[in-house]
Amino acid sequence: MRILSMPFLLPITTTVLLLPAGCGPSPDGEPTAPVTSPTPGTGSPEPVSPSPSPESPTPALPASPPPVSPTPPVSPGATATPMVEPSPTPPAAPTPESTPEWVSTPSPAPAATPTPVQAVSPTPPHLASPTPLPTPLPAVPPVLLEDTTNPIPLTKRFEVQLDHSAPIRLTCDEQGGGQERHRIRAEGGDRYALSLRGLKPDTGYTCVVESLDGSGLASSPVQVATDPLPSDLEPPVLMVQDAPREDIGYALFNYSYDIGGWEYESRYLVILDADGNVRWYLPGIGGGTIDTTYLGDNRIIYGGYAFGETLPTIMDLDWVVYFVDQSGPQTPHGWVGSYHHDVGLSLEGDAIFALMTIIMDDTYQGYTVRHVDLDSNLLWEWDSGVDGLDAGYLPPGDGTTGDPYHANSAQDVWENGRRYVYVGMRHLSEIIKIDYETKAVAWKLGVDGDFALLEPDGTPGEDHRWFFMQHDAKRYGDRMVIYDNGLLRREYGGAYNYSRALELELDEQAMTARITFEYDEADEGWLEEAWGGCDLLDNDNYFVAMGHCWGCNNDVHLSALVEVDPQGRQVSRLEWTNPQVALYRADRIDGCAIFNNVTYCPDVE
């Protein structure tokens, strides 16, 4: 920290002589005679020098010293001089021996009785020694330094140093003619450590920090550059962009390179921008059924299974881990195999819901829905064996598969002051509604469930119009949004199998499910047998993750992230060119909810 020595104004000493009332200009403007005062002990007068400038006669001064006027404001770099002005204080009262000329008609004072020189009154302490005021020096520009020890790719860390506390703004502009700008504001000190996340790969930036205290001072520019992407992390190609970038925002998803045989290489969690640029990635986590969601405050949650369990984890974008579930694997049916497919925060935001595989009677797999707080305490659990099979809500396995249910989505929702949990089971092509308090199943939704299917116009729908082998079922008010993989559609009367995004409007009084939205690309051969997801966005558009699994299909279909409006028109499409690039689901992030990119959030200015 630099210590500044601040010079102070030295007080200016002013000597004031009080002259006799008779000493001054005569009525005709000529100077009067010198004033004499008696010499002590003799009574003989001694001459006193007149004013040194007869042309500029000195006026009579009042009997008391004049006050010092307040020092005017000092501008930076200037030196203030205290100003002394005459005081309007009236002169002393006349003595009987003589009458001053300012009282009577001006006339020379009698020579025999001259008015003695009055003593100067002592200067009051508060005027004699005024509190010195500091003269500010020109401010020192802030210093901007790059933290070269930062390990996070596509993130730059900076240290800012000031000689005083002041708010600041860091700005980084893309070099080479790019239009991108990133900005961070901070306040509350004279030292700052800032992280600028979400930069483009293999790109240079020029960064400057400004002091926002009104001085207009800025640091010297600092040049920084990001590294290229790893060779095994392929970005997609922008196919459609029919909305502003800030409206499209970012996408978080699980990326891997599928080599077949349910084996995956190049595992990453990735955040893309609207143009398909990678803006953040975490190596080593990804592949398989790893689910991930952005939580806000630069944090994500992830967990699932990628041929090795990944416990539910909360981490920030600087790779700092805040929570890993350690609640333990025991259930009434014995050892739990692993977390899989789905993890997310509960309604309260201080606990998680997740799915776990269990071994039922050592013959086939079941599942549990687990509600765990952030101290790894198990708060609630719904067991497919005890609460499902034994209670008569789930059918037993028929011996044709070791995984008769295959739950892949779980969500808790409040409805009319009561909590419910929705669970989607792929191998039953069914979604169930569970009462959180009683653990009873309220209803089943699907081709063999409790609802009648209606077409958009309200007419009955045929069986093949239901969803089959679905993923990612979510309730939004009276709407249920589903990624319909469609693998069994032909078995229920359809001409062929195809995948789609589907929305059903549920009427729980009439027990009807009406198709209110569907989007498919059947003409292009969109059939994803195993993975994918669909979310309803705040703008009423649908965000579809065409989660291609090359090891599942072994075809040439391509993974893609697509946003469509309620009319099915594509708003955005990012598509990979390599069919072995796999993704499971994706989470859309608002352009102002993450990073500090002015292109995606003009409010950053």
Side-chain angles (χ1 to χ4, degrees), residues 236 248-256 258 268-272 285-295 300-306 310 339-345 353-355 406-411 413 422-426 429 431 467-476 479-487 498-504 517-521 526-538 540-550 552-553 557-564 570-576 581-589:
I248 298 172
Y250 302 91
L252 168 66
F253 65 99
N254 163 16
Y255 172 101
S256 59
D258 188 348
Y268 295 94
L269 296 183
V270 178
I271 296 178
L272 293 176
I285 302 295
T289 58
I290 301 293
D291 185 25
T292 183
T293 304
Y294 182 68
L295 302 179
I300 63 172
I301 186 170
Y302 64 85
Y305 190 77
T310 301
Y339 280 102
H340 63 90
H341 282 93
D342 193 284
V343 64
L345 285 187
F353 268 89
L355 291 168
H406 196 88
N408 60 27
S409 63
Q411 175 198 23
V413 173
Y422 291 92
V423 179
M425 293 176 286
R426 165 183 164 80
S429 295
I431 300 164
F467 53 86
F468 300 98
M469 306 291 277
Q470 81 287 343
H471 280 76
D472 201 21
K474 295 188 183 77
R475 184 84 187 253
Y476 300 87
R479 297 186 281 182
M480 183 72 73
V481 175
I482 305 161
Y483 186 93
D484 176 15
N485 294 83
L487 185 57
Y498 62 91
S499 300
R500 62 178 172 165
L502 175 66
E503 179 186 271
L504 299 175
F517 173 81
E518 58 182 324
Y519 174 80
D520 68 70
E521 297 178 5
W526 177 22
L527 174 64
E528 294 298 344
E529 299 181 2
W531 292 354
C534 182
D535 295 332
L536 178 64
L537 303 178
D538 291 341
D540 275 340
N541 288 351
Y542 302 85
F543 182 49
V544 184
M546 295 182 177
H548 179 63
C549 173
W550 186 74
C552 311
N553 297 16
H557 196 264
L558 302 171
S559 293
L561 298 174
V562 183
E563 180 180 341
V564 295
Q570 289 191 14
V571 174
S572 170
R573 185 184 187 94
L574 298 172
E575 186 174 281
W576 280 263
V581 171
L583 61 92
Y584 174 54
R585 291 180 185 168
D587 183 41
R588 172 57 60 81
I589 306 172

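If you read the sequence from its start, that first residue is 1, and numbering goes on from there.
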Trainee: With side chain to side chain contact (heavy atoms under 4.5 Å, CB included) as the test, would you mind laying out the steps for N408 and T289 before giving the verdict?
Mentor: CA-CA 9 Å; N408 60 27; T289 58; over 6 Å; no
Trainee: For F467 versus S429, what's the shortest heavy-atom pair and its separation?
Mentor: CE1-O, 3.5 Å
Trainee: Where is the tightest heavy-atom contact between F543 and A251, given as atom of each residue plus distance?
Mentor: CZ-CB, 3.8 Å
Trainee: Using the rule given for side chain to side chain contact (heavy atoms under 4.5 Å, CB included), can you reason through I290 versus Y584, listing the C-alpha separation, both sets of side-chain angles and the distance that settles it, and then say yes or no?
Mentor: CA-CA 7 Å; I290 301 293; Y584 174 54; 5.9 Å; no
Trainee: Roughly how far apart are L527 CG and H548 NE2, rounded to 0.5 Å?
Mentor: 10.5 Å
Trainee: State yes or no: are the ring centers of F253 and W576 separated by less than 6.0 Å?
Mentor: yes
Trainee: How close do Y483 and C534 get, heavy atom to heavy atom, and via which atoms?
Mentor: CB-N, 4.1 Å
Trainee: Heavy atoms only: give me the nearest A473-S409 pair and the separation to one decimal.
Mentor: N-OG, 3.5 Å
Trainee: Going by atom types only, do H341 and H471 share a side-chain donor-acceptor pair under 3.5 Å?
Mentor: no
Trainee: Quick one: does Q411's side chain have a donor or acceptor within less than 3.5 Å of a partner on R475's backbone?
Mentor: yes
Trainee: Using modelled atom types and a 3.5 Å cut-off, is there a donor and acceptor pairing between side-chain atoms of Y476 and backbone atoms of L536?
Mentor: yes
Trainee: In this structure, is the centre-to-centre distance between the rings of Y542 and Y519 below 6.0 Å?
Mentor: no
Trainee: Hey, does W526 have a side-chain heavy atom less than 4.5 Å from the side chain of H557?
Mentor: yes
Trainee: Quick one: does P236's side chain get under 4.5 Å of L561's, heavy atoms only?
Mentor: no
Trainee: Treating D535 as the side-chain partner and L537 as the backbone partner, does any N or O pair qualify as donor plus acceptor under 3.5 Å?
Mentor: no
Trainee: Can you find a heavy atom in the side chain of F517 that is under 4.5 Å from one in the side chain of V564?
Mentor: yes
Trainee: Roughly how far apart are D291 CG and N254 CG, rounded to 0.5 Å?
Mentor: 8.5 Å
Trainee: Find out whether Q470 and I431 are in side-chain contact, i.e. whether some heavy atom of one side chain is under 4.5 Å from a heavy atom of the other.
Mentor: yes
Trainee: How far does CD of E528 sit from CG of L583, to the nearest 0.5 angstrom?
Mentor: 8.5 Å
Trainee: Quick one: does L355's side chain get under 4.5 Å of H340's, heavy atoms only?
Mentor: yes
Trainee: Mind checking the CD-OG spacing from E575 to S559? Nearest 0.5 Å is all I need.
Mentor: 9.0 Å
Trainee: Can you tell which of R426, R585, K474 makes a salt bridge (charged side-chain N to carboxylate O under 4.0 Å, His left out) with D342?
Mentor: R585
Trainee: Minimum heavy-atom separation for E529 to N485, with atom names?
Mentor: C-ND2, 3.7 Å
Trainee: Just how far is it from atom CZ of R588 to atom CD1 of I248, taken to the nearest 0.5 Å?
Mentor: 7.0 Å
Trainee: Mind checking side-chain hydrogen bond (donor to acceptor under 3.5 Å, both in side chains) for Y498 and listing every partner two or more places apart, or none if nothing turns up?
Mentor: none
Trainee: Roughly how far, to the nearest 0.5 Å, is the CG atom of N541 from the CD atom of Q570?
Mentor: 12.0 Å
Trainee: Using every non-hydrogen atom in the two residues, find where D472 and G533 come nearest and quote the distance to one decimal.
Mentor: OD2-CA, 3.3 Å
